[in-house]
Amino acid sequence: MNEVRVRFAPSPTGFFHIGSARTALFNWLYARHTGGTFVLRIEDTDKERNTEEALQVLLDGMRWLGLDWDEGPEKDGAFGPYFQSERGTVYQEYLDKLREQDRVYEKDGAIWFKLEGERYTAYDERLKKEIEKVKAEPIVIEDAVRGRVERAEEKDFVIFRANGEPVFHFVNVVDDISMGITHVIRGEDHLSNTSKHCELFKAFGHPYPVFAHIPLILKSSGPGKMSKRDEGALIEDYAKRMFLPEAVRNYLCLLGWSPKDDREVIPINEIIELFDLPGINKGNARFDEKKLSFVNTEYVRAMPLETFTWMARPILNEQGLVSEDFDETRLQAILAICQPKVQSFEDLPGFVSYFFKDDFAYDEKAARKVMKKGDPLKRIEEFKAGLASLESWDSASLDALVAALVETHGASLGEFIQPARLAVSGTNRGPGFNELILTLGQAAVLKRFDRFLETMAQETPTD
RNA sequence: GUCCCGUUCGUCUAGCCAGGCCUAGGACACCGGGUUUUCAUCCCGGCAACAGGGGUUCGAAUCCCCUACGGGACGCCA
């Protein structure tokens, strides 16, 4: 049985960092690609934070991204418990194994792991003092992403703090062994720690798992990796901003991995099929919100109208634009002409608000641009008269009407359409003109024309 | 400071392992043009990169070495 078992082992800090999310994603992809098992293990040895709440942020983030785990919190398996805070006896057991081999000692109340090799003292430039070092055999790993990496540990290290709590390096390795983890996919920031971990694997007489150290996500500008304070660093923010989780996930896949065939917007099942460890890039990737937005827009445009409407309703409701019982057919009709134009759900309320309220404001810039050309008020009067007598409310009739207006009054199409758009929507951008007028309905359009004439007459007195 | 890892357009990347098909491809962004009754879409075009230097070779983005730069790790944090 060499079934793949991977794990994502976050510590609940109260936020879900985009880098962690990408690590989780790659583990998940690999598990799904290989038909293996994806374990979610919570490294909650630090009890300072509000763990329950912090845990929920994490679990919510995982669920939002669609990264379902096979074993872990709320999903017990044969290798539990999946919270490190509940694995004390396991850690004691493994500590005893090291004791039996005389690989540990106490110093300053803490328990240290003893490296094997010749000991000597040397001046440490960083600690500014003489310390004991060990000439240990170099650890060599065959990293699935980076190839052969060799590094030697040179100092004993703490595995249990003076307060009795086990340290990360120790629990990480013990859990990976006791949970049967076969592949360790994690950020490159752990590459240097790997020699510590391998020392422990060796001491336990356990073969190394396959390591795959993935590149880091760097700030979109400036030096260093993405930190939680950077714009766009937190998964929960994308949820709040109503990004589509599939889009965020798709974008994250593209940071450090590619399908090699120039495709970018790809269904997740195809990514799962193509994903593999050697295909992961070695170099760090810079986060780019513009590209993320692009991917998001692609997903927004591609949604079935029913789904789009279903998602839009609560958003519009929250903005006070539509009521709970707003007619579904009507809502769908409005959204049908907006979906191809709007960029994101975040922009949607602003994009469609005038459909739901009559007292919208006229965008100043748009108004200035429209009002200075020709005689817009006169055109609206003419348009109004034409519309009032329009017999049939359809696109063809509207086309005919506008053509007739152009003909009779000797003004260009734009001179009718631009003020009309401004009059009914308060802006100079939006859905196609005919669709806009037709969807609003004859009564609303006429009413809005009147309001426009009144308002503009006041603001731009003509002698 | 020591150690580890990396380096192709502004950004994400393809190509590198198995050197010639690369006058280096795609995408985002940006800039122009066209279509459009506005905006958007769409279409066309443009900008723009193999970090530098040495080798190896008939031939190097691809292999080797050095330098530079970037990132990471050196905690009784994870």
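The model shown is predicted, which means the values in this text are computed figures rather than measured ones. Values below: every heavy atom of this structure, side chains too, minus hydrogens, waters and symmetry copies. Just so it is clear: chains get the letters A, B, ... in the order the sequence lines come, proteins before strands, and each one is counted from 1.
Looking only at distances, no side-chain donor or acceptor of A/T307 sits under 3.5 Å from a matching main-chain atom of A/M303.
Mapping A/K225 and A/P215 onto RNA chain B by nearest heavy atom places A/P215 at the nucleotide closer to the 5' end. Comparing A/G279 and A/E298 by the nucleotide of RNA chain B whose heavy atom lies nearest to each, the residue mapping closer to the 5' end is A/G279.
For the ring-ring contact (aromatic ring centres under 6.0 Å, His included) criterion with A/H197, the lone passing option out of A/F113, A/F157, A/F204, A/F168 is A/F168.
You'll find that the side chain of A/E264 is closest to B/rA27, out of B/rA27, B/rG71, B/rC39. Of all nucleotides listed (B/rU11, B/rA73, B/rC76), B/rC76 comes nearest to the side chain of A/V167. With B/rC39, B/rG72, B/rA27 as the candidates, the nucleotide lying closest to the side chain of A/E188 is B/rG72. In this structure, of B/rU38, B/rG1, B/rA78, it is B/rG1 that holds the atom nearest to the side chain of A/E125. Taking only side-chain atoms of A/R161, from C-beta outward, the nucleotide of B/rG72, B/rG15, B/rA78 with the closest atom is B/rA78. Here B/rA78 is the nucleotide among B/rG72, B/rA78, B/rC76 with the atom lying nearest to any side-chain atom of A/F168. For A/S192, the listed nucleotide lying nearest its side chain is B/rG72; candidates were B/rA14, B/rG26, B/rG72. Listed nucleotides B/rC4, B/rG6, B/rC76 differ in distance to A/V149; the shortest reach to its side chain belongs to B/rC4. The side chain of A/D288 approaches B/rU11 more closely than any other nucleotide in the set B/rU11, B/rA73, B/rU13. Among the nucleotides B/rA14, B/rC28, B/rG1, the one closest to the side chain of A/K291 is B/rC28.
Spacing between B/rG19 and B/rU62 at atom C1', rounded to whole Å, works out to 6 Å. Using P as the reference atom, B/rA18 and B/rG55 are 24 Å apart when rounded to the nearest Å. Spacing between B/rC69 and B/rG15 at atom C1', rounded to whole Å, works out to 23 Å. One P atom belongs to B/rG45, the other to B/rG6, and the distance between them is 38 Å to the nearest Å. Rounded to whole Å, the C1' atom of B/rC31 lies 15 Å from the corresponding atom of B/rC9. Atom C1' of B/rC63 sits at a distance of 14 Å from the matching atom of B/rG20, rounded to the whole Å. Here the separation of B/rC43 from B/rU35, taken at their C1' atoms, is 8 Å to the nearest Å. Comparing the P positions of B/rA60 and B/rG53 gives an interatomic distance of 14 Å, to the nearest angstrom.
For A/D262 against B/rG25, a side-chain-to-base donor-acceptor contact under 3.5 Å is present. The base of B/rA40 sits within donor-acceptor range of the side chain of A/K341, with an N or O pair under 3.5 Å. Taking only distance into account, the side chain of A/R421 meets the base of B/rU38 through a donor-acceptor pair shorter than 3.5 Å. For B/rC3, the base has no donor-acceptor partner in the side chain of A/R151 [N/O atoms by modelled type, under 3.5 angstrom].
Atom CD of A/Q418 and atom P of B/rA40 are 12 Å apart (whole Å). At whole-Å resolution of the value, CD1 in A/I380 and C1' in B/rU38 are 13 Å apart. Following rounding to the nearest Å, A/F160 (CZ) and B/rG75 (C1') show an atom-to-atom distance of 17 Å. The interatomic distance linking A/K107 (NZ) with B/rG75 (P) rounds to 12 Å, in whole Å. For the pair A/Q343 CD and B/rC39 C1', the interatomic distance rounds to 11 Å; values are reported in whole Å. Whole-Å rounding puts the A/F170 CZ to B/rA78 P distance at 13 Å. Atom NZ in A/K133 sits roughly 15 Å away from atom P in B/rC74 (whole-Å rounding). One atom, NZ of A/K369, and another, C1' of B/rC39, lie 8 Å apart when rounded to the nearest Å.
Note on A/N281: every side-chain N or O is 4.0 Å or more away from OP1 and OP2 of B/rG6. Between A/K260 and B/rA14 there is a side-chain polar atom (N or O) within less than 4.0 angstrom of OP1 or OP2. Close to B/rG75, at under 4.0 Å from its OP1 or OP2, lies a side-chain N or O of A/K155. Within the 4.0 Å cut-off from OP1 or OP2 of B/rC17, not a single side-chain nitrogen or oxygen of A/K282 is found.
The cationic atom of A/R448 (NZ for Lys, CZ for Arg) does not lie both less than 6.0 Å from the six-membered ring centre of A/F452 and within 45° of the ring axis. Figure legend: A/R379 and A/F416 shown as a cation-pi pair, the cationic atom lying under 6.0 angstrom from the six-membered ring centre and within 45 degrees of its axis.
Within the nucleic acid shown, A/F294 comes within 4.0 Å of sugar-phosphate atoms alone, with no base atom in reach, counting heavy atoms only. Residue contacts for A/G224: at a heavy-atom cut-off of 4.0 Å it reaches the sugar-phosphate backbone alone, with no base atom in range. Residue contacts for A/G147: at a heavy-atom cut-off of 4.0 Å it reaches no nucleic acid atom on any strand shown. Across all strands, A/D143 comes closer than 4.0 Å to no nucleic acid atom at all (heavy-atom distances). Residue contacts shown for A/N428 include a base, since a base heavy atom lies under 4.0 Å away. Across all strands shown, A/P223 has heavy atoms under 4.0 Å from sugar-phosphate atoms exclusively, and none from any base. Looking at heavy-atom distances under 4.0 Å, A/A110 makes contact with a base. Among the protein residues, A/R286 comes within range of the sugar-phosphate backbone only, with heavy atoms under 4.0 Å from sugar or phosphate atoms but none that close to a base. Counting any heavy atom pair closer than 4.0 Å across all strands shown, A/D189 reaches sugar-phosphate atoms only and no base atom. As judged by a 4.0 angstrom heavy-atom cut-off over every strand, A/E150 is placed among residues touching the sugar-phosphate backbone only.
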Candidate pair A/D288 and A/S220, rule side-chain contact (heavy atoms from CB on, under 4.5 Å), full reasoning: CA-CA 6 Å; A/D288 182 7; A/S220 41; 6.0 Å; no
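A/Y362 and A/F360 have perpendicular rings, their planes meeting at more than 60° on a 0 to 90° scale where under 30° would count as parallel.
Under the Watson-Crick or G-U wobble criterion, with both distances below 3.5 Å, B/rC9 is left unpaired in every strand shown. B/rA73 is paired with B/rU2 under the Watson-Crick or G-U wobble criterion, all donor-acceptor distances under 3.5 Å. In this structure, B/rA14 makes no Watson-Crick or G-U wobble pair, since no nucleotide meets both defining distances under 3.5 angstrom. The partner of B/rC30, taking Watson-Crick or G-U wobble pairs whose two distances both stay under 3.5 Å, is B/rG46. Base pairing of B/rG59 is not made with any nucleotide, judged by Watson-Crick or G-U wobble geometry with both donor-acceptor distances under 3.5 Å.
Residues A/R241 and A/E289 are paired through a salt bridge, judged by an N-O separation under 4.0 Å between the basic side chain and the carboxylate. A salt bridge links A/R263 to A/E270: one of the charged nitrogens lies within less than 4.0 Å of a carboxylate oxygen.
The six-membered or imidazole ring of A/F170 lies near that of A/F160, with a centre-to-centre distance under 6.0 Å.
Annotation: side chain of A/L95 is in contact with side chain of A/V104 (closest heavy-atom distance under 4.5 Å).
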